[in-house]
Every structure is written in structure tokens, then in C-alpha cells.
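Only heavy atoms go into these numbers, but all of them, side chains included; no hydrogens, no water, no symmetry mates. Letters A, B, ... mirror the listed sequences (proteins, then strands); counts begin at 1.
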Protein chains: 2
Amino acid sequence: MQARPLAIIDILRFAASAHATREIVSRNVDEPLWRYDYAACLRRAAQAAGMLAAMGVASGGRVTSLAWNTHRHFELFFAVPGMGAVLHTANPRLPDEHLVYTINHAGSRVLLLDRNMAATVARIRDRLEHVERLIVLSDRTCEGIESYEDLIAPHPDALDWPSFDENAAAFLCYTSGTTGDPKGVLYSHRSTVLHALAGGLSGSMGFSAFDVVMPCQSLYHATAWGLPFAGAINGVKFVLPADRMDGASLDELVRTEGVTFSGGVPTIWTMYLDHLDRTGGDTGALERVFIAGSAVPRDMAVAFDRRGVAVRQMWGMTETSPLGVVSAPTPALADLGEEDARERIWTRQGRMLFGIEIEIVDAQGRPLPHDGETSGALMVRGPWVLDHYYRSEESACDAQGWFDTGDIATIDRFGFMRITDRTKDVIKSGGEWISSIDLENTAAGCPGVKVAAVAGVPHPKWEERPILLVEAHEGVALSEAQVLDHLAARVAKWWMPDRVIFASVPLTATGKIDKKVIRDTYRDILAS
Amino acid sequence: MQARPLAIIDILRFAASAHATREIVSRNVDEPLWRYDYAACLRRAAQAAGMLAAMGVASGGRVTSLAWNTHRHFELFFAVPGMGAVLHTANPRLPDEHLVYTINHAGSRVLLLDRNMAATVARIRDRLEHVERLIVLSDRTCEGIESYEDLIAPHPDALDWPSFDENAAAFLCYTSGTTGDPKGVLYSHRSTVLHALAGGLSGSMGFSAFDVVMPCQSLYHATAWGLPFAGAINGVKFVLPADRMDGASLDELVRTEGVTFSGGVPTIWTMYLDHLDRTGGDTGALERVFIAGSAVPRDMAVAFDRRGVAVRQMWGMTETSPLGVVSAPTPALADLGEEDARERIWTRQGRMLFGIEIEIVDAQGRPLPHDGETSGALMVRGPWVLDHYYRSEESACDAQGWFDTGDIATIDRFGFMRITDRTKDVIKSGGEWISSIDLENTAAGCPGVKVAAVAGVPHPKWEERPILLVEAHEGVALSEAQVLDHLAARVAKWWMPDRVIFASVPLTATGKIDKKVIRDTYRDILAS
Ligand SMILES: Nc1ncnc2c1ncn2[C@@H]1O[C@H](COP(=O)(O)OP(=O)(O)OP(=O)(O)O)[C@@H](O)[C@H]1O
Ligand SMILES: Nc1ncnc2c1ncn2[C@@H]1O[C@H](COP(=O)(O)OP(=O)(O)OP(=O)(O)O)[C@@H](O)[C@H]1O
Ligand SMILES: [Mg+2]
Ligand SMILES: [Mg+2]
């Protein structure tokens, strides 16, 4: 068989040929809605590659984007790897310090930013060690920074894209920094294309050419779970919301553009559902919402289900490109009866996909039973799982290639996996473990609760005990007793939180509950 | 990212884990219906690999199967490549001479045969140069040949499957021999797994875990178009019809096993539809039928459509693993209106899939317009297209990697490709080309016609002229005038066949019209 390397640009070349007129619609910062198609996108990607080459970006060179979900960012997803360079997708919501760290660590010489990141960049510019060029992703200059449109304009819109080893690096993505400093992971052309093929299958995202896909997971967060690639391979229409992920903005795009598929972290969907509840709006043509990043509250799945939208929970991590498991139904599950089947779909992160092996092991590394009860350290392996972190000499995996995810999970006989906690978030009370995720999920089901966060803090007698932070829905008066009553009816007595605190829940730059902050803030609350 | 090789056995390992209890049901030669699941299939594949290893089959060694669509053959599809050996799937319908040629050419030391091939093997045994062992794929011995069941029984049902280069050979498939001697093509693990991933996408076969798939394309014909792999990756239930591809047998399986998806060459579907018409039967849960190998008569597509079954024509060849194009709908097509869209779906071989590039070129190799009118030599390229034939030193492709398919085609602006002829079957009449496929298709639309075959034979004045062979439906009285009237109203005058001959149409070993035989038989019919 032909030794043709897998190449990311071939995905866009395919879409531009087989689905030439299928649209890509994009919001932008301070610009009207943009609308074009795959064929035009490929032409502009060629121009962008021409621009970067003219700036001296060469094969293997790093380029950082500091950008939202827009068509220009989408173009860079193909242009940069297409020319053999590496796109580091920096997270604009990171604190300055982390931002500087990741851009320096990446070693990028060119930084492309959205207009509303200009102030941030001005602030950190002096600390960026390798950056020589700034480009603003806009139709006009911004505070002296040349615009993308001006810069790509002179370059030809057709390119003889180079061919190279499929193991060449394509993306550099950093973890969220939930448990420490963000860590860099290099995605290759091979891993990205395989991930895209598997991601389009029916047991995963199940895309068809008739889908209209609005990624609300950020393009800078693990390449928006590979949606640009899995979508383009299947010829979907894309709707890009820029940075406007509030309920009203999403609702508008869903209805006016006929969105059938969307995805993102739970916090976004809380806002969207909230907005619909407040306005009495409907979900238009929306069929499926894929949610990951943190556990999906059961009530969120139910709320979507009532509106005729299927929620598919996923689990993944930056280190797994990020697709790990998806909670898609199976005939074996259906045989349990509708009630049972739906309950499992709603409360599990998902089931195995071809290409990624999952296993749970005990402290000695021995495999544990797949009985849906026994929990252990979740290990993964496969062609889109990292082997080592960027710039680390050390392998991130054991001798058999297994990567320890840092998550604790159960696996049931249907192959469905459930995350009970992160290793670092597990609460050890008197030698027993309490699952902070289960407790959060139960608390989130209490009427009036918008977000619930559980963390373990030091306790003089029990080593650690759980405390619960609660954010109530706007205008709702909620008492500690109401929350405790709700929990008491549903969890074991020794799981009951020692404190209920009404406060706003701190989130990380990717919208996850920031338990480091909670633990730090309330470190001494149970000391006496 | 991890350097994990793509491996065929991982497909079955995945299915056995993620879809453990999903069934595989199989007819067999002289045995009752067999029924098991993926988990059991993996266990038996391990036993089969153990058996072959004990016989001295080593990495790279060739093994020939002479077998129908049964569960044992299915097991070998995983066991043989899984142990690093190569499965040559010989075609039991080949004439002795070709059979001997391919088995010798493959260099196989072990031959596994179905019971009803024992007489053939006895006849050719002396001429098989490398075969040392015979195994009958049965639950009992047959004419002194040891049975598969006896031989696998002592071997353990778990195996630490070896890991090796993904470019290692897995299957050896021979072309049909329509245009000359069958030519061998080696499929690798890499090409097979990529083909399976792409084949499961919605623009291709669109499998879901709820599908019940009955391959009526033979397992020995280009690995049944990769169905065992694309199906297992998606956890489908398989229904294997053995060699009983007659209408009544298929109808029974479709209804009793709940088949949703099937595929095969047009001749099989003629028999199936005929049977339903005669018995007044229905298509049960059947949703999609994939047809390829020869052009799908438009009337066949319409007949299925009337029964609520979607026909998807495909085009492919042994040299392309074989998936090339599939006639799946797109929004761009839907925009044309339902009538137009369906007409295109019914009369085109299909549209581009990710992974396989198609192009049409003129005699000088220059690309031709994709206007749906201009026809040229069809060229293909991609990771599941051959680079050279087995045991040939010569590359089968040009310097840019394009493989000349030997087919003539048009491509339209939607990316839909239509085969107008094979290069060798084109009829050159007075310097102009007549498409034998178009003419056949039109003739097949004449009421009463079961099969129509057109071939060009020498003509003293026009160089070549078409003749038409017609096989009428049973019990139908059809006259030459009826056929000619039907054609006259539909094709250009100079396309009208010079002779209409009522005779049975000769077919090749894969069920295609054998135009070599027609041309030979009627070589002199227009001579005077
Ligand atoms: N559906 C889910 N349910 C529960 N947790 C999830 C889910 N999806 C993802 N996660 C959590 O997110 C993690 C992956 O997130 P990501 O790669 O963005 O960085 P992070 O782990 O939050 O940050 P860091 O690795 O820097 O601490 C997983 O390991 C898991 O803990
Ligand atoms: N849907 C289709 N419509 C028309 N022709 C088709 C279709 N699908 C396949 N074919 C024909 O079948 C050929 C591939 O068949 P296969 O690989 O089985 O061997 P063959 O070409 O018939 O034999 P050989 O190469 O030995 O002459 C294609 O090149 C094409 O001519
Ligand atoms: Mg992490
Ligand atoms: Mg051929």
C-alpha cells in the first residue's frame, strides 16, 4: 500500500473539494458576522501560510495564537500545521504569569492575537522572550499591530502544501493547570488525523454532512476536542461563536444558523439553559450536546433531555488529544430498558472508543474488575495519547505504554467508565474515600443550586473532611438546612459536608472548579 | 504522541471489550446456524492463531482460505494478521487454473477450505506447489482432512498478540481477472485500519452499534470491502450467509436476524428483489444496501427505494482496499431538490471520501474539468491504494503516486463520480466513444429485462459496434423490437446496438459481466 503520510492539511483539502460550498460562519471581535465556505477557507489558509513563511516561520517553528473561536483561528488550525510549523494555542483566560510561561516555554517567534487581547499583550510583551512579530486577527490594525487581513492579502491563495513525516508536531496544547503548572503536549499530524477519523464515528460524535456544528469548547483548549478536524472530515457546517459564550449569544446562533451539534464545558451549558428558562426560548434544531471537562451534573442532562436534546458526556484530557470516552448508547445498554439505559448515559463519563484503551488499576498497578463498583487509577493508551510532555526527557508512560491520567474511575460490564474523582481531589476521611464529584453532583440536584463545589480540608480528627461551596440561582433564597436536608436523604451520613458555604465558586481558565483555591481559602475552617 | 502501530487484531480486541455480547451469526456448510459474540470470537481467534503457529506458520507466512462468508472465515480475518501472517483469500468460484495460479503465486503453506470445496482441492492438490497442510473449516473431518474444530480445540483461548510494524502485510487479495490474469494486492495493517475507520463514517457506510450487517459481498473479494473491520470498530451485529446468496436464503436471514445493512454485487440483489416480487415478501428492517463491483442499474435503485431501502452505490477495486467512492447524500445535493438529488444518487458511483483522492485526466495526463460531462482516465491516490502488485518490482503508480484505475469516469461539481466504462470495454465507433455501461443501464430499464450486457465487436466500416446480450426474466416473452423501441426512445441513434441477442450473460467469478467471453464468442458476428 502507498506510504502516504497522514496530514492535517489533507482534511481541509478534502473538505474544500468534496464539500466546497459548505459554510463556515463566524462571530468576531468588533466585526460583523463572517460567512464563507471550505473552498474559500483553504484559499485563505494558503495565504496565511504564505504570510508566515515570509516572516521566516519554518518547518518545526512555533507560532502562538491568543484567540477565540473565530474563522481566522480556524484557518490557522490548518495553515500552521500545513506548512510544517507548530501552532501553540495559548489560553487567553490564563493569568499573565501562566500566559508568559507557556508562550516562552513554547518558544514561539510569532504571536497572533484577537483585538481584545491587545491590552494583555501590551502588558506582558516585555517578558516574551522569543516573540519577534505580533499580528492582530482583525480586518484592521490595532494599537500599532499589523492586521492579519493586510498581511495575508499579498500572498497567493493556492499553495503546493509540503509533504512530511506524519509524526511531525502540529499543535502544542497546555493542560489547564488545575493541579499545578500547565504542562505542554505536542500533537502530531498522525495523532490528529486518527483522532479525527475516530471522533466522527457514530459511537463518538457521529457527524454527518448535514450537521451544523457550533464548538463552544475553546479552540485553544485541546484543539476544541478536535472538532475542527472531525467536523471537516465529515463536511459539517461550522458556526463559531468567538468569545461570546453567554446564554443569549449562543441561543441566537443556535436558532439563526440551525445548529444541530454543540459542545463545551458544563459551565457554558448552565448559562445557556438558564437563559432559555428565563426567556422561555427553545433549542431550535439542536440535537446533541457534548459536554466534558468536568462531570456533567445529572440535572443538566435531564434538563436537555426534556428539551429533546441528547446530552453525551465525554471524558478526555489534553494528554489524550483529548477524546477518551463518550457516553453513546449501545444495544446491550438498551436491553436494560429505557430507564436504566438513560440513567447510565446520564451518570457515566462514557464508554470505550476504538483507538484508546482504558484500564483501572490498584496501587500496585494490578487491573481491577470492570464491575461498575471498584474504583482505581485510570490508565490510558493509544495512538493519540502523549508519550512525554513537551521539553521533558522523561517518558510520561509506564513500560507497557500506559499513561496514568490522575483520575479515579470505575468501569462497568458495558465498558462505561465513571470518574469518581481526581487523585488530588479525593477526600480521605478516617481512612475512607469520599468522592467529591458524587457529592457535588448530588448537591447540584438540590432545587435552587446553580453550582456546587466540594473540597476536602484538614480536620484534626478525621484527617480530612468535605466542605461544600454553593452558588444559588439568581434571586433564589436558599438556606443551609435546605441543602443539608437534600443531601441527607441521598448520601451516607459520613459523607455529609462539615460546612455549607454560600459563596461564588472559583473557576480555572478552562471553566473548571478551582479546588486548589478552595482548599487554600478554607484551609483552617475546621482546624479548631 | 505514542508510537503505537495500527493493528487489525486491535479491532477485534476493542469489539470484544466494548461490545462483548454483540452477536455474530453464521450459516455454515452442512451445519446448523452458529451464534456467538465478539468476546467468544476473540477467544477462538486466539485458538486459531495457536493452531497455525503450531503448524509452523510464522510472521510473514502466507495462509490461503478457500471459504465462504462464515464465522470461521471471519475468525481467520483476525487470527492470521493478528499473529503477523498473511491471509490469502482465494476465490472458490475461480476456474481451477486460476485457483492453482493464485495459491502458488501466494506461496501459501496452509490451505483452509470449506467442506464443499473438498472435491476442488482434491482435483488441484497435486499442482499446489507450497501447500503442506489442509484444514477443513468444519466441525468434523472431511475426506481425510482434519477439521478446524479438532485442531483449534487444544490451544489456549487467550493470547498475548504480538506487536509489529503497521506496514506489515495482512491480506493478499487478487483482482477478479476481468481484464486478464488476477493480480495480487497486499493489504497492510495500516491500510486496513485506516480504511475501516473511514469506512464507518456517515459519508461512507455510516455504521452504528445498532446496525445488523449482513455482508453479501464475499469475504474473499477484497475482504468483503472491509466490512468485517469497519463493522467491528462500530460494534455492529454480523450475519454471515455462507455461500447461500440466493434470494430465498437472504430473505430469510434479513427477516429473522433483523438485518439493517447489507451489500454486494448487483447480481445478488437482482435475485433478492426477484424473490421478493415472486413471494410478495418485504425487506424487514433493512435500511441500506451498498452495491458495487459493477454499475447499479437505475431500476434496481428505484426498486429498493420503493421498498423503503436506500441504495448506496459504491465504486472500488481490489487495488483500493476497495473503498473508493460512495454515493451518500450531501446538503449541496439536497439543495437541488429531491428529484434531482435522488437521480444523482441513483446514477453516480459516488463521491469522494476522506483518505482517497480522485482525479480524471486526458491522454496526456492533464486534469480534466469536474463538470459532470467530460470523461477521462480515473486516477486515485491514498493510504489504502496499492503501490505495486504482489511480487512485481515495478511501481503501479506514477511519480506523483497516482494509480491509473483502468476506468473512465466523469466527476461533477458536487464531487460525484460516474464510471462510463472500463478503458478496455469502451466501444470505439467511427472515432467516437460509446459507453457500454450507459447502454446496459438503459437496456436494463426495459420491462422484462433481467440482465443486459453490451460489448463492442469488430465492424468492417466503423471499427467497432455495440452488440447487446439480453437475459429476460423467467416466463417473460420479450422481442427484439420491444428492446430496440425502448432504447430508440432513450439513446442517440448511433449508439443503437447492431444486434440484440437473447442469451444467458456470462459472469466472472465475482459476478461481473464477462465481456472477454462475449467479445470472443461474437467476434465475427458483424464481420460480413
Ligand atoms: N466528563 C468529565 N467528568 C469529570 N472530569 C472530567 C471530565 N472530562 C474531563 N475531566 C477532567 O479534566 C481533566 C483533563 O483536563 P485538562 O487536560 O483540561 O487539564 P487539567 O487536568 O484540568 O489540568 P492539569 O493537568 O494541568 O492539572 C481530566 O483528567 C479529568 O479530571
Ligand atoms: N459501482 C461500480 N460501477 C461500475 N463499475 C464498478 C463499480 N464498482 C466496481 N466497478 C468495476 O470493478 C473494478 C474493480 O473490480 P475488481 O478489483 O474486483 O477486479 P476487476 O477489475 O474486475 O478485475 P481485473 O483487474 O483483474 O481485470 C473497477 O475497476 C470497476 O471497473
Ligand atoms: Mg490533567
Ligand atoms: Mg481491475
Side-chain angles (χ1 to χ4, degrees), chain A residues 1-6 10-11 13-15 17-22 167 185-188 190-192 194 196-198 200-203 206-210 232-235 237 321 328-332 334 351-355 357 370 381-387 397 401 403 413-415, chain B residues 1-6 10-11 13-15 17-22 167 185-188 190-192 194 196-198 200-203 206-211 232-235 237 321 328-332 334 351-355 357 381-387 397 401 403 413-415:
Chain A
M1 293 282 123
Q2 301 192 346
R4 294 195 71 75
L6 302 175
D10 282 346
I11 294 177
R13 289 179 58 231
F14 165 73
S17 164
H19 302 279
T21 59
R22 195 77 173 131
N167 293 304
V185 183
L186 273 183
Y187 296 177
S188 69
R190 174 184 168 91
S191 68
T192 305
L194 290 176
L197 282 166
L201 295 177
S202 68
F207 286 137
S208 99
F210 291 86
I233 274 188
N234 290 284
K237 168 178 166 180
S321 297
T330 66
R351 72 177 169 81
M352 304 171 192
L353 300 174
F354 175 76
E357 291 176 86
H370 294 192
R381 188 164 79 167
W384 54 84
V385 175
L386 97 165
D387 51 1
C397 310
F403 170 70
R413 64 192 167 97
F414 302 102
Chain B
M1 293 283 121
Q2 301 193 347
R4 294 195 71 75
L6 302 175
D10 282 346
I11 295 178
R13 290 179 56 229
F14 165 72
S17 162
H19 303 279
T21 58
R22 195 77 172 132
N167 293 304
V185 183
L186 273 183
Y187 297 177
S188 69
R190 172 183 169 91
S191 68
T192 305
L194 290 176
L197 282 166
L201 295 177
S202 67
F207 287 137
S208 99
F210 292 85
D211 269 317
I233 274 187
N234 290 285
K237 168 178 167 181
S321 297
T330 66
R351 73 177 167 80
M352 304 171 191
L353 300 174
F354 175 76
E357 292 175 86
R381 187 164 80 168
W384 55 85
V385 175
L386 97 165
D387 52 0
C397 309
F403 170 70
R413 64 192 167 96
F414 302 103

So which of [options] has the biggest tally of heavy-atom pairs under 4.5 Å with chain B?
{"options": "P329(A), A334(A), A332(A)", "value": "P329(A)"}
{"options": "K237(A), R190(A), E357(A)", "value": "R190(A)"}
{"options": "P5(A), S208(A), A3(A)", "value": "S208(A)"}
{"options": "T330(A), V385(A), L386(A), L197(A)", "value": "V385(A)"}
{"options": "P383(A), G415(A), A232(A), P331(A)", "value": "P331(A)"}

Contact class of [X] relative to chain B, heavy atoms under 4.5 angstrom:
{"X": "R413(A)", "value": "neither"}
{"X": "L186(A)", "value": "backbone"}
{"X": "A18(A)", "value": "both"}

(message) Please check this pair: side chain of Q2(A) against backbone of G382(B), looking for a donor-acceptor N/O pair closer than 3.5 Å.
(response)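 Here the side-chain-to-backbone pair exists.
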
(request) Could you look at L353(B) and say if it's the side chain, the backbone, both or neither that has a heavy atom under 4.5 Å from chain A? (result)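 When you check distances to chain A, only backbone atoms of L353(B) fall under 4.5 Å.
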
(request) Check whether R22(B) gets within reach of chain A through its side chain, its backbone, both or neither, counting any heavy atom under 4.5 Å. (result)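 Only the side chain of R22(B) comes within 4.5 Å of chain A.
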
(request) With sequence neighbours excluded, tell me which residues meet side-chain hydrogen bond (donor to acceptor under 3.5 Å, both in side chains) with S188(B). (result)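 Only S191(B) meet the side-chain hydrogen bond (donor to acceptor under 3.5 Å, both in side chains) criterion with S188(B).
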
(message) My understanding is that only residues two or more places apart in sequence, or in another chain, count here; which of them pass side-chain hydrogen bond (donor to acceptor under 3.5 Å, both in side chains) with N167(A)?
(response)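 By the side-chain hydrogen bond (donor to acceptor under 3.5 Å, both in side chains) rule, N167(A) matches D165(A).
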
(request) Would you name the heavy atoms of S202(A) and F207(B) that are closest together and state the gap between them? (result)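 Where S202(A) meets F207(B) most closely, the heavy atoms are OG-O, 2.8 Å.
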
(request) Report the distance from atom CE of M1(B) to atom CH2 of W384(A), rounding to the nearest 0.5 Å. (result)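 Interatomic distance, M1(B) CE to W384(A) CH2, rounded to 0.5 Å: 11.5 Å.
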
(request) State the OG1-CZ distance between T21(A) and F414(B), to the nearest 0.5 angstrom. (result)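 Going from the OG1 atom of T21(A) to the CZ atom of F414(B) covers 7.5 Å.
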
(request) Answer whether the closest heavy-atom distance between the side chains of M352(B) and H19(A) falls below 4.5 Å. (result)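 With C-beta onward as the side chain, the pair stays apart.
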
(request) Indicate yes or no: at least one non-hydrogen side-chain atom of S17(B) is less than 4.5 angstrom from one of H370(A). (result)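 The answer is no, as the side chains (C-beta and beyond) never meet within the 4.5 Å cut-off.
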
(message) side-chain contact (heavy atoms from CB on, under 4.5 Å) for N234(A) and F354(B)? Distances and angles first, verdict last.
(response) CA-CA 8 Å; N234(A) 290 284; F354(B) 175 76; over 6 Å; no

